[in-house]
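Below you'll find the structure, written out as structure tokens, and then a few comments.
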Amino acid sequence: MRLATWNVNSVRSRQDRIVDWLQRSDVDVLAMQETKCKDAQFPYERFTDIGYEVAHVGLSQWNGVAIASRVGLDDVQVGFEDQPGFSKDPEIDPAQEARAIGATCDGVRVWSLYVPNGRELADPHYTYKLEWLAALKADAQAWVTADPQAQIALVGDWNIAPTDDDVWDPALFEGKTHTSQAERDAFTAFGDAGFTEVTRQFTPEPRTYTYWDYTQLRFPKKQGLRIDMALTSPALAARVTGASIDREERKGKGASDHAPVIVEIG
DNA sequence: ATGGCTATTTGGAATAGA
């Protein structure tokens, strides 16, 4: 199975590129993040026309996650059990956002995840980000404890650069989100739950990135971040035979600011 | 070997992204 994750930054404005990429990349399951639309606005037919089933959750113009699969799409779950909600208005009860969707594709439990950005270290969104990660880690640990043979893939935009080698200029990110120790600790904690990040071993060069800001010529200057990754349960980690980042897809007019990340599962 | 932000929203400044 070829499993990919891609923050598409609007599925509607990017639909031609996404469908073209799917058709030539031989990907069986694509987890998308930042679809930026409600369910009713999702271009389902573009995917079903080329043989993919789609599960999507989108509640507004923000966030939105989906899974497209041509190898089955069963037991769709919107959000994980203890997924926290967020509201910037303290008068309004926090509501769960469209940041996680799970489905079983050919025996693999795939989760398409869009981890909260955090905005600023002093922003409530940052606290929310850490709570969100801790809750996901706890739930994922419970899934593996309940079934040690479970084949689980947690893929998506983690909005964390796990090491300084994953940031084009670490000094520039001092005091910013994505590189703080608390975020890195929250990411590392998935290792304690038995999960392994499986793309780095196949793309080990320092300064290998998956995201480049649209501004300041960041892409041609090779100034990016590695924030899109795939974590797998022990049983699935043993099946991973390769991974790659499709940098080509960041090029040209109308590209997402993230590149697709592909995982080969034998 | 690419390109100086981009996408969304009851419609055009504001918000979010990272």
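Chain letters run A, B, ... following the sequence lines, proteins first and then strands; every chain starts at 1.
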Ignoring hydrogens and angles, write down the donor-acceptor pairs under 3.5 Å from the side chains of residues 233-244 of chain A, residues two or more places apart or on other chains.
| residue | atom | partner | partner atom | Å |
| --- | --- | --- | --- | --- |
| A:Ser233 | OG | A:Ala150 | O | 2.7 |
| A:Ser233 | OG | A:Ile152 | N | 2.9 |
| A:Arg239 | NE | A:Gly266 | O | 2.9 |
| A:Arg239 | NH1 | A:Gln151 | OE1 | 2.6 |
| A:Arg239 | NH2 | A:Gly266 | O | 3.0 |

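- Nearer to the 5' terminus of DNA chain B, by closest-nucleotide assignment, is the contact made by A:Lys221 (compared with the other of A:Gln61 and A:Lys221).
- Protein chain A contacts DNA chain B from B:dA1 to B:dA18, reading 5' to 3' and using non-hydrogen atoms of the protein with a distance under 4.0 Å.
- Partners of A:Phe195 under the ring pair (Phe, Tyr, Trp, His ring centres under 6.0 Å) rule, at least two apart in sequence or in another chain, do not exist in this structure.
- Applying the ring pair (Phe, Tyr, Trp, His ring centres under 6.0 Å) rule to pairs touching residues 222-266 of chain A yields A:Tyr211-A:His258, sequence neighbours excluded.
- For the contact set between residues 243-254 of chain A and DNA chain B, defined by any heavy atom under 4.0 Å, the members are A:Lys251, A:Gly252.
- A heavy atom lying under 4.0 Å from DNA chain B marks none of the residues of residues 180-191 of chain A.
- With sequence neighbours excluded, no residue forms a side-chain hydrogen bond (donor to acceptor under 3.5 Å, both in side chains) with A:Arg119.
- When the side-chain hydrogen bond (donor to acceptor under 3.5 Å, both in side chains) test is applied to A:Asp164, the partners found at least two apart in sequence or on another chain are A:Arg184.
- A:Gln23 pairs by the side-chain hydrogen bond (donor to acceptor under 3.5 Å, both in side chains) definition with nothing, not counting sequence neighbours.
- Applying the ring pair (Phe, Tyr, Trp, His ring centres under 6.0 Å) rule to pairs touching residues 219-254 of chain A yields A:Trp212-A:Phe219, sequence neighbours excluded.
- By the side-chain hydrogen bond (donor to acceptor under 3.5 Å, both in side chains) test, A:Gln15 is found to be paired with A:Arg46, residues two or more places apart in sequence or in another chain being considered.
- Near DNA chain B, meaning a heavy atom under 4.0 Å from it, residues 154-162 of chain A has A:Asp157, A:Asn159 in order of number.
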